[in-house]
2 protein chains.
Amino acid sequence: MIRSALLLAGGLALSGCVVDASVTQAPPAPAAAPAAGGVPAGMQYLYGSGEAAALSAQAYNALVDQVRARMAKDDPKGPHPRNSVVLAPDATLATPRFQSCGDKPAAAVFDVDETLLLNLGYEGDDARRSGGWDSARWDRWEKTGAMKVAAVPGALDAVRALRAMGVTVIFNTNRAAANAEQTEAALNFAGLGPAKHGETLFLKGDVDGKSGKDGRRNAIAQRFCVVAMGGDQLGDFTDLFAGLTPPERRAAAASPVIGSMWARGWFVLPNPVYGTGLGSTYDQTFPPATRWTDPQEKQ
Amino acid sequence: MIRSALLLAGGLALSGCVVDASVTQAPPAPAAAPAAGGVPAGMQYLYGSGEAAALSAQAYNALVDQVRARMAKDDPKGPHPRNSVVLAPDATLATPRFQSCGDKPAAAVFDVDETLLLNLGYEGDDARRSGGWDSARWDRWEKTGAMKVAAVPGALDAVRALRAMGVTVIFNTNRAAANAEQTEAALNFAGLGPAKHGETLFLKGDVDGKSGKDGRRNAIAQRFCVVAMGGDQLGDFTDLFAGLTPPERRAAAASPVIGSMWARGWFVLPNPVYGTGLGSTYDQTFPPATRWTDPQEKQ
């Protein structure tokens, strides 16, 4: 960063978190008032900044480069020692094991919202409201917002490159099955399609009726060799993070075994606007050992 | 992300932006009141979440993998077609050209704050304050906070791996030259050292007296073949983004030519807490074409 003669950029962040209580322990935080004339800082960053665009393009560039290298190594006539990047059912965060690939065709599995699609219409509306998350309003957004979205920076080039390599692009989202057609339309509008419910589009409750995505991931891994996964929430990679506190999630995500997956099969997109990345308490955010007191105030 | 039965995570984001007015056009935003009992959402995300830890580890994994591949290809007895990832003085964002490497030894150049170091002590203190950026308080932090920082997730492994490959790690930060010793101490405390002012540590005003970093980057590129750069602000890669509006910065960062640099020589770290990634207006954040009105409110 660049510091000095100070330009103050800030703002009130109103964040409607839309996570499933069954798969997270992130504590609830009070709904915030909307910024007076401003845009919540997280939205400025995610939807308005070059820095976040760079982060997204970086994730997609790394994904394409890694899949390309992996596909080039895979001689279809040779042995298939490849593993999927989907964890096996008996895996833990300490001892991850992966599904086997065999001769299955390659696929890449992506979350949708704030992974491939920016929900600009919904969030622009939300930025002007006070109050918290309204699931009925989100449902109306799924039903009517298909033309008010944009592809995440880098996503279009990535899905095109993957398909050109023969890698099937699969969408695994917790949008509602009842709105399958409109979600297909939103992905098509953004240029990310085709998406077909039950084939390349998996929605909430599909396969096992759950909002956790492991059931759907396992079903996909039965048919495909999953060479990459992309998402903005840890639950887009495995449900094993569910039930952990924020510091436990953070430690696990940066642990030697799980930490080595990022950019190497698992690709994370930024989202400081909503989700399981928010909600840590003061002590969870700033460990007591790092407390600092301005020496001027000791005088 | 995962949506459904709603857990509300949000909060007020107080963001003290500390950027140089000479190298950014990000508009000022009003200072926000501190969250009532909460932590600003951007801080929860950056310092408290597994998702941000994953983003950081991803950037560093991609950097190490890319530098390793590049170093392996470089036969010291062969020709040196390598280019630096530092732009040449006559480059533009539309037509980037790069410094040549010749036979110079390899180096990787990093920003410090929120790139290699998390300023947990300072930000934890800031989270409890109202009001804006106070440069005098930041100066006291530089002088006394060396033991209240932590390495960014993934950074320690990366600098060790780079040094093991024979790549010199160079720090290019806008911390004050008067506090060089304390900044060296902070980097050493976090395990990221050694850093030596004038050799591997470049501070604000070094080389050309400016806060823009191009002068220092050029000086480094005279002595080293820069194989990777890391930073949390676009100004950590080139000063050419300075003077652009947020939408222009975003478009340039995601353009075909500059967009292809991310994860391929340029590596960006997340920072939704302060800096040039904040400050976009409503219209700059949410393009008019994406406006959505909740259909229920039309009734």
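Lettering follows sequence order; numbering is per chain, from 1.
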Derivation and outcome, salt bridge (charged side-chain N to carboxylate O under 4.0 Å, His left out), residues Glu297(B) and Arg129(A): CA-CA 13 Å; Glu297(B) 288 165 20; Arg129(A) 294 175 182 276; 2.7 Å; yes
Separation of [Y] [atom2] from [X] [atom1] (nearest 0.5 Å):
X: Leu120(B); Y: Arg291(A); atom1: CG; atom2: CZ; answer: 10.0 Å
X: Gln58(A); Y: Leu63(B); atom1: CD; atom2: CG; answer: 8.5 Å
X: Thr281(A); Y: Gln44(B); atom1: OG1; atom2: CD; answer: 8.5 Å
X: Thr144(B); Y: Asp294(A); atom1: OG1; atom2: CG; answer: 7.5 Å
X: Tyr47(A); Y: Thr290(B); atom1: OH; atom2: OG1; answer: 10.5 Å
X: Phe267(B); Y: Leu55(A); atom1: CZ; atom2: CG; answer: 12.5 Å

Give a yes or no on whether a salt bridge exists between Glu51(B) and Arg250(A), defined as a side-chain N under 4.0 angstrom from a carboxylate O. no
Donor-acceptor under 3.5 Å ([X] side chain, [Y] main chain):
X: Tyr45(A); Y: Asn271(B); answer: yes
X: Tyr282(B); Y: Gly124(A); answer: yes
X: Asn61(A); Y: Trp262(B); answer: yes

Ring-face cation contact, Phe286(A) with Arg128(B), 6.0 Å cut, 45° max: no
What part of [X] is in contact with chain B, defined as an atom under 4.5 angstrom from a non-hydrogen atom: side chain, backbone, both or neither?
X: Ile258(A); value: neither
X: Ser260(A); value: backbone
X: Ala59(A); value: both
X: Trp141(A); value: both

Taking every heavy-atom pair that is under 4.5 Å apart, which of Ala57(B), Ala254(B), Pro270(B) has the most such pairs with chain A? Pro270(B)
Looking just at side-chain N and O atoms, do Gln296(A) and Arg137(B) make a donor-acceptor pair shorter than 3.5 Å? no
